[in-house]
Structures are given as C-alpha cells and as structure tokens.
Amino acid sequence: MLLRLPTSVTEARECLAEGAVPIGGATLVWAAWQRDGFPDLAMSLRELPEANVLGRDTLGGAVILHRVDARVPDVLRLAAATVGTGAVRRTATVGGNIAGSTLRCLLPAALVLDARASVLEPEGVRDADLAEVVAKRPVLLSLRWRPPVTSAYRKLPGAAGGAPPLVVASALHAVHGAPDRVRVAVRDGYDVLDGTAHRETDAEATLGALRGTALGDLPAAAWEVVRTQVAGLLGTTADH
C-alpha cells in the first residue's frame, strides 16, 4: 500500500481523483484490510493544515482525539475524552469518528453546536450539513460552529459486548434579539435523536418544550438523564 500525505488541498484533491482511500488512524479499517487485503493507494490528511485546525469555533477532521482540549466547547472536549481507550484516542481522528464510525460518539456534540462541515471531494471543498456527512461519509476536512454560552456531555457506562452506551449532549445558544436556544442530542443505541427549544422561564418549561421534539420518544430512563443535564445546563452561565 502506498500512503500519500498531501500538504495542500490541491494535492489532496488529486489523490482522491487517483482513487486514494482516505484514512486517519485506520482504527476502524485495519482489521478488515488485514483480512481482505490492503488498498493500492491511501491518503492521510495529517499534514494538511486545513484538516488540523483546533480552536474555539473550529476542529479539523484529521485532529486525533487526544489533542481535543479546552480550546473547543466542553461538549466536544468531553465527547472526545470518552472515546475508546487512551491508545485509541492517540490514533483515532475526528473525521473517522463522525464519518467512519457506526458509534459516532462525537456526533451528538457536533449536532448541539449546530456544526457545519467542510468536505473534500475531487472537485474541491464544499459546505455540508451533518446529516449528509453521516449518510454519505465524505472526507471530513473540518467542522465549524458558533461558540455556545455553555454546553455539557455525558456518556453512561456500557456493558462489554452490549448495546452502545447512552450519550446525552446539550448546548445553550445566545440568539440576538430572541430567547436563548437549548439544543439536545441523544445517542440511544445506534440512533441519534435531537431537538431544539427556546429557553423558557424555568427548566421544567424548557424541558416540556423539548418533549415536543423527537426527544419525546426517548425511553423514560434516557429522558431522566436529559432532564438532569438540561437543568444543570440552565443553571450555569459560561462554558469552560
């Protein structure tokens, strides 16, 4: 297998046009390649500046998870810190988790931030929403968002070999000239549900509005985690 390490978007586009298979840490594909055979040409974005951004409102697809720190909102930092083992987090990438994994631990966090994606294609770079990234699994160049007022994330313990553990992510967004918005996303099994509501006069009223979204279909146990997290979120004033 020949591995290409493009250092510019133009070079990365050329690699894709030549049929290069995108890889990050290869944590999701290595076993399959050992079983079925390695591709002739692969491409990693670890040397591409646009895929390695890390800041208050942006995160590159090639950033490995253990590098995700307090520069990003708490919801993303905590999500990255709960993926797999330390060895996995030192290899796995943001793009691989969101676009390549069936678990997508970072997806609820990205959803509550209203994140948009920049994706790389042979024709160039374009904007995409997260639904398209999940459905089509393009090469994720980066995520970007408007920083929230505050945010939170929780992954419940899971049984070995059992269903994926419940994940709850939330964020409070300031809206100019309008009430603040609360966004919540939940991974229940392999499904991810999300909902948005205006911040009401108290937490119970806000939770009532969230029950009118797709989140209202959650099991009672999952809803209790949402209730606790949203109540805590609305009692805080600033991220980090």
Side-chain angles (χ1 to χ4, degrees), residues 59 72-80 82-83 94-95 97-117 119 127-138 140 143-159 162-175 178-236 239:
L59 182 62
V72 303
D74 284 348
V75 66
L76 265 179
R77 176 183 61 81
L78 294 170
T82 66
V83 175
V94 170
N97 184 271
I98 292 179
S101 170
T102 57
L103 295 177
R104 302 186 182 96
C105 295
L106 300 187
L107 179 60
L111 283 170
V112 301
L113 292 176
D114 294 326
R116 298 286 295 178
V119 299
D127 185 73
D129 61 28
L130 292 174
E132 180 181 354
V133 171
V134 170
K136 298 183 178 180
R137 299 190 175 190
L140 178 62
L143 297 172
R144 65 187 183 283
W145 59 84
R146 293 183 60 186
V149 176
T150 189
S151 61
Y153 183 92
R154 184 181 177 192
K155 178 192 284 188
L156 270 62
L166 183 78
V167 165
V168 178
S170 58
L172 176 65
H173 295 269
V175 181
D180 293 348
R181 288 187 306 117
V182 177
R183 287 217 65 187
V184 177
V186 177
R187 188 189 70 191
D188 182 27
Y190 290 96
D191 297 325
V192 177
L193 305 174
D194 65 286
T196 304
H198 291 302
R199 182 177 189 172
E200 303 292 345
T201 52
D202 58 50
E204 284 302 316
T206 304
L207 287 161
L210 286 169
R211 279 192 178 274
T213 71
L215 298 172
D217 295 329
L218 288 171
W223 185 255
E224 283 306 308
V225 179
V226 172
R227 176 188 296 276
T228 299
Q229 187 172 115
V230 169
L233 189 79
L234 296 181
T236 60
D239 221 355

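Note that the coordinates shown come from a computational prediction; the quantities given were computed from them, not determined experimentally.
- Using a 4.5 Å cut-off on side-chain heavy atoms (C-beta onward), Asp74 and Thr150 make no contact.
- Contact detail for Leu210 and Leu215: the closest heavy-atom pair is O-CB, 4.0 Å.
- Between the side chain of Ser101 and the backbone N or O of Ile98, no donor-acceptor pair lies under 3.5 Å.
- Side-chain contact check for Val112 versus Ser151: every heavy-atom pair is 4.5 Å or farther apart.
- Using a 4.5 Å heavy-atom cutoff, the side chains of Arg199 and Leu233 are not in contact.
- Residues meeting the side-chain contact (heavy atoms from CB on, under 4.5 Å) test with Ala99, sequence neighbours left out: Val133.
- Applying the salt bridge (Lys or Arg N to Asp or Glu O under 4.0 Å) test to every pair with at least one member in residues 103-113, sequence neighbours left out, gives no pairs at all.
- The closest side-chain heavy-atom distance from Cys105 to Tyr153 is below 4.5 Å.
- The stretch residues 203-225 participates, sequence neighbours left out, in these salt bridge (Lys or Arg N to Asp or Glu O under 4.0 Å) pairs: Glu204-Arg227, Glu224-Arg227.
- Residues Arg181 and Asp114 have side chains in contact (heavy-atom distance under 4.5 Å, counting atoms from C-beta outward).
- Looking at Asp202, its side chain does come within 3.5 Å of a backbone N or O of Ala205 through a donor-acceptor pair.
- Side-chain atoms of Glu200 never come within 3.5 Å of backbone atoms of Ala209 as a donor-acceptor pair (strictly under, hydrogens ignored).
- Applying the salt bridge (charged side-chain N to carboxylate O under 4.0 Å, His left out) rule to Arg187 yields no partners; only residues at least two apart in sequence or on another chain are considered.
- Within the structure, side chain to side chain donor-acceptor pair (under 3.5 Å) pairs that include any residue of residues 129-138 comprise Arg126-Glu132 (at least two apart or interchain).
- With sequence neighbours excluded, the residues that form a salt bridge (charged side-chain N to carboxylate O under 4.0 Å, His left out) with Asp194 are Arg183.
- Of all non-hydrogen atoms in Leu106 and Ala80, the two that sit nearest each other are CD2-N, 3.5 Å.
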